[in-house]
Amino acid sequence: MIRPLSEDLFSLGTREAMRAAVSRRRTVREFTSDPVSADAVRRAVAAALTAPAPHHTTPWRFVLLESERSRKDLLDAMHDAWVEDLRRDGFDDAAIARRTRRGDLLRLAPYLIVPCLVADGAHAYPDVRRAASEREMFVVSAGAAVQNLLVALAAEGLGSAWVSSTMFCRDVTRRVLDLPSDWDPMGAIAVGRSASVPPERPAATFRNS
């Protein structure tokens, strides 16, 4: 039996399988030591680049930290910057140690990605209102690209966790990674194979009004 391609339920897999690719995206906080396939990450990045963008631009860059040294250099510098901030906030050494342990998630991941926003093609406005809206439009687009990436990583069988870390020390991140001054780091993504099976998500509920 011959069907038009638009009616073929198996052209890209079942609908259930396609939905599962999205719902399988979970924040993973414990990874195995298994290495991450660079090819799998690159396929996921290619999927991320299909996100909607303003003005027909491509306002995202994904920096792939594939060596242990590059990850350590960045995370050490970020840790030092975080400690300085906390000391200025009045935290003592014990509190600083507790807070900075949250960064262990990134240190224990076998692979890191730093997404960056590059607002090439953004329109310039003379007033604060429209300039802020233009900026927000590009930030939303960057978020869509990050979500594409996380979903695509899940489809590759990889777990991930997006954290905001580099957004709090953008100058440090640019310096350590030797990034252009107009690349705006938008957090960091830990990538690896989950050390445990995540619990099932609760069923979605809806209320009509």
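One distance of note links CE of M186 with OG of S165; it measures 12.0 Å at 0.5 Å rounding. A distance of 12.5 Å separates CZ of R71 from CG of D76, quoted to the nearest 0.5 Å. Atom OG of S37 and atom CZ of R42 lie 9.0 Å apart (nearest 0.5 Å). Distance CG/D171 to OG/S181: 10.0 Å, rounded to 0.5 Å. S70 contributes atom OG, which lies 12.0 Å from atom NZ of K72 (distance to the nearest 0.5 angstrom). Considering CZ of R174 and OG1 of T166, their distance stands at 9.5 Å, rounded to 0.5 Å.
Summarising the geometry of T57 relative to G121, their closest heavy-atom pair is CG2-CA, 3.9 Å, with the distance given to 0.1 Å. When all heavy atoms are compared, the tightest approach of S141 to A53 is OG-CA, 3.4 Å. Smallest separation of non-hydrogen atoms from A161 and T27: CB-CG2, 3.8 Å. The two residues P110 and V36 make their nearest non-hydrogen contact at CG-CG2, 3.8 Å.
Side chain of R193 to backbone of G157: a donor-acceptor contact under 3.5 angstrom is found. Formation of a donor-acceptor pair under 3.5 Å by the D92 side chain with backbone atoms of A94 is found in this model.
By the 6.0 Å contact criterion, CZ on R29 is open, its count of non-hydrogen atoms from other residues, nucleotides or ligands being 12 or less. Enclosure of atom CD in E66 by more than 12 non-hydrogen atoms of other residues, nucleotides or ligands within 6.0 angstrom is indicated. Within a 6.0 Å sphere centred on OH of Y125, heavy atoms belonging to other residues, nucleotides or ligands number more than 12. Residue R69 places its CZ atom among 12 or fewer non-hydrogen atoms of other residues, nucleotides or ligands, all under 6.0 Å distant.
D127 and R130 are joined by a salt bridge, as a carboxylate oxygen and a charged side-chain nitrogen come within less than 4.0 angstrom of each other. Between R61 and D182 no salt bridge is recorded (no basic side-chain N to carboxylate O distance below 4.0 Å). Classification of D184 and R135 as a salt-bridged pair holds, one side-chain N sitting under 4.0 Å from a carboxylate O. Ion pairing between a basic and an acidic side chain is recognised when a charged N comes within 4.0 Å of a carboxylate O; D85 and R88 show such pairing.
Residues I189 and L108 are members of separate hydrophobic clusters, defined by side-chain heavy-atom contacts under 4.5 angstrom among Ile, Leu, Val, Met, Phe, Trp and Tyr. Under the 4.5 Å side-chain heavy-atom criterion for Ile, Leu, Val, Met, Phe, Trp and Tyr, M167 and I113 are members of the same hydrophobic cluster. Hydrophobic cluster membership is shared by L49 and W162, with clusters built from Ile, Leu, Val, Met, Phe, Trp and Tyr side chains linked at under 4.5 angstrom.
Other cluster members for L177: V28, F31, V63, L65, L74, L75, M78, L105, L106, L112, V114, V118, V163, V172, V176, L179, W183, joined by side-chain heavy-atom distances under 4.5 Å among Ile, Leu, Val, Met, Phe, Trp and Tyr.
No side-chain heavy atom of L158 sits less than 4.5 Å from a side-chain heavy atom of Y111. No side-chain heavy atom of W60 sits less than 4.5 Å from a side-chain heavy atom of P115. Two residues are said to be in side-chain contact when any heavy atoms from C-beta on lie closer than 4.5 Å; L86 and R99 meet this criterion. The shortest distance between side-chain heavy atoms of V83 and T100 falls below 4.5 Å.
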**Request:** Run the numbers on M137 and H123 for side chain to side chain contact (heavy atoms under 4.5 Å, CB included), then give the verdict.
**Result:** CA-CA 11 Å; M137 185 167 60; H123 294 174; over 6 Å; no
